[in-house]
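Note that the structure is predicted; figures quoted are calculated from it, not measured.
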Amino acid sequence: PRLQPGDILLARKNGYLSNVGLPGFWPHAILYLGDPKKLAAYFEAPEVADYVARVSGKRQSLPAYLAAAHPSEWATYAQGSGHDPFRVIEAVSEGVLFNTMDHVAGDYLVALRPRLGKAEKARAIAEAFGHLGKPYDFEFDFATDHALVCTELVWRSYRPDAGMEGLRIP
């Protein structure tokens with residue numbers, strides 16, 4: 001209940017082979033959205049409406065913008081998995097996709113909250129929606145965005161952009 005849309009989750013599932021090949025204790029990064037109602041309520045703010053108006057050309061909510069810009073992806077997100085709402089976007093071997101908290105929570109899970117305004121977090125989520133459906137980048141090539149690994153998804157979603165501070169992640 002304390003998670004907010006735009007939080008970055010780091011996870012570890014003991015026993016996964018990726019723990020051997022990836023350095024550090026936290027081998028997986030995830031972008032938290034919350035369920036559609038939580039996302040809509042959190043981003044009901046003037047600064048988010050201003051951001052959406054700037055990028056879409058009309059004044060609308062973030063969910064309305066995402067539904068218009070990414071109709072099939074928004075429909076999938078809104079529908080959920082059947083038994084549990086989708087709450088995250090992640091890059092896994094199947095590609096960039098939505099998932100449930102039950103699926104992503106492993107043996108260890110930590111939440112990081114970017115110290116950014118809601119408009120910046122809304123931009124990060126909109127950016128992540130644009131990467132949905134891309135394949136997993138088994139070559140770990142951060143120079144291109146045609147395929148992504150989990151940390152690259154978070155990095156590309158939050159990287160600085162015109163008029164946005166973003167997160168500087170070396």
Side-chain angles (χ1 to χ4, degrees), residues 1-39 42-43 62 66 70 72-118 120-161 164-170:
R2 293 184 183 168
L3 291 173
Q4 295 176 356
D7 284 352
I8 299 166
L9 306 177
L10 302 177
R12 178 183 183 84
K13 293 181 180 180
N14 289 336
Y16 269 47
L17 186 58
S18 59
N19 294 341
V20 175
L22 297 172
F25 184 79
W26 303 104
H28 191 51
I30 305 153
L31 184 61
Y32 180 78
L33 305 172
D35 64 40
K37 287 181 182 179
K38 186 172 188 173
L39 181 114
Y42 181 79
F43 287 115
L62 180 63
L66 292 173
H70 308 283
S72 63
E73 292 84 355
W74 180 264
T76 299
Y77 171 58
Q79 178 183 347
S81 70
H83 67 282
D84 198 14
F86 288 130
R87 293 198 174 131
V88 301
I89 295 178
E90 64 176 342
V92 292
S93 60
E94 295 86 5
V96 180
L97 47 77
F98 295 113
N99 229 321
T100 65
M101 284 301 292
D102 282 347
H103 187 268
V104 299
D107 298 298
Y108 300 91
L109 186 68
V110 65
L112 307 173
R113 179 154 301 139
R115 292 182 179 159
L116 298 170
K118 289 184 178 185
E120 297 235 15
K121 292 177 184 181
R123 179 188 63 92
I125 288 172
E127 179 71 21
F129 261 76
H131 293 296
L132 283 160
K134 290 184 179 179
Y136 188 77
D137 188 356
F138 289 99
E139 296 179 11
F140 290 79
D141 175 14
F142 277 59
T144 64
D145 72 349
H146 68 280
L148 303 173
V149 297
C150 62
T151 51
E152 186 180 10
L153 172 65
V154 171
W155 172 70
R156 286 188 179 280
S157 296
Y158 268 113
R159 68 183 172 174
D161 196 18
M164 296 288 192
E165 180 183 348
L167 294 176
R168 299 193 185 282
I169 304 171

Intermediate values then yes/no, side-chain contact (heavy atoms from CB on, under 4.5 Å), Glu90 and Leu31
CA-CA 6 Å; Glu90 64 176 342; Leu31 184 61; over 6 Å; no
Closest non-hydrogen contact found for Ser81 with Thr100 is OG-CG2, 3.6 Å
Going from OG1 on Thr144 to CD on Glu139, what distance comes out if it is rounded to the nearest 0.5 angstrom?
8.5 Å
Correct closest heavy-atom pair for Gly6 and Ile125 would be N-CD1, 3.8 Å
Test your reading of the model: is there a side-chain donor-acceptor pair from Lys134 to the backbone of Ala91, 3.5 Å cut-off?
no
May I ask you to test the Asp107-Arg12 pair for a side-chain heavy-atom distance under 4.5 Å?
no
Run the numbers on Val88 and Met101 for side-chain contact (heavy atoms from CB on, under 4.5 Å), then give the verdict.
CA-CA 7 Å; Val88 301; Met101 284 301 292; 3.8 Å; yes
Ring-face cation contact, Tyr42 with Lys118, 6.0 Å cut, 45° max:
yes
How many angstroms lie between atom CG of Leu109 and atom NE2 of His28, to the nearest 0.5 angstrom?
10.0 Å
All salt bridge (charged side-chain N to carboxylate O under 4.0 Å, His left out) counterparts of Asp7, not counting sequence neighbours
Arg113
Rounded to the nearest 0.5 Å, what separation is found between the CZ atom of Phe129 and the OG atom of Ser157?
11.0 Å
Separation of Glu73 CD from His131 NE2 (nearest 0.5 Å):
12.0 Å
Could you tell me whether the side chain of Leu167 reaches within less than 4.5 Å of the side chain of Ile8, counting heavy atoms only?
yes
Going by ring-ring contact (aromatic ring centres under 6.0 Å, His included), name the residues that satisfy it together with Phe86, two or more places apart in sequence or in a different chain.
Phe98
Taking all non-hydrogen atoms of both residues, which atom of Ala11 and which atom of Pro27 are closest, and how far apart?
O-CD, 3.3 Å
Residue pair Asn99, Ile30: steps toward the side-chain contact (heavy atoms from CB on, under 4.5 Å) verdict:
CA-CA 10 Å; Asn99 229 321; Ile30 305 153; over 6 Å; no
How close do Ala122 and Phe43 get, counting heavy atoms only, and between which atoms?
N-CE2, 3.5 Å
Arg87 side chain near Tyr32 side chain, heavy-atom distance below 4.5 Å
yes
Closest heavy-atom pair and its distance - Pro36, Ala78
CG-CA, 3.9 Å
Single hit among Thr151, Leu148, Asp137 for side-chain contact (heavy atoms from CB on, under 4.5 Å) with Phe142
Thr151
Output yes when a side-chain donor or acceptor of Glu120 lies under 3.5 Å from a complementary backbone atom of Glu165, and no otherwise.
yes
Are the side chain of Asp161 and the backbone of Met164 linked by a donor-acceptor contact shorter than 3.5 Å?
no
Before you tell me yes or no, could you show the steps for Leu132 and Thr76 under side-chain contact (heavy atoms from CB on, under 4.5 Å), namely the whole-Å CA-CA distance, both residues' side-chain angles and the distance that decides it to 0.1 Å?
CA-CA 11 Å; Leu132 283 160; Thr76 299; over 6 Å; no
For the residue pair Pro5 and Lys38, what are the closest heavy atoms and their distance?
CG-O, 4.2 Å
With heavy-atom distances below 4.5 Å as the criterion, would you say the side chains of Tyr77 and Ile89 are in contact?
no
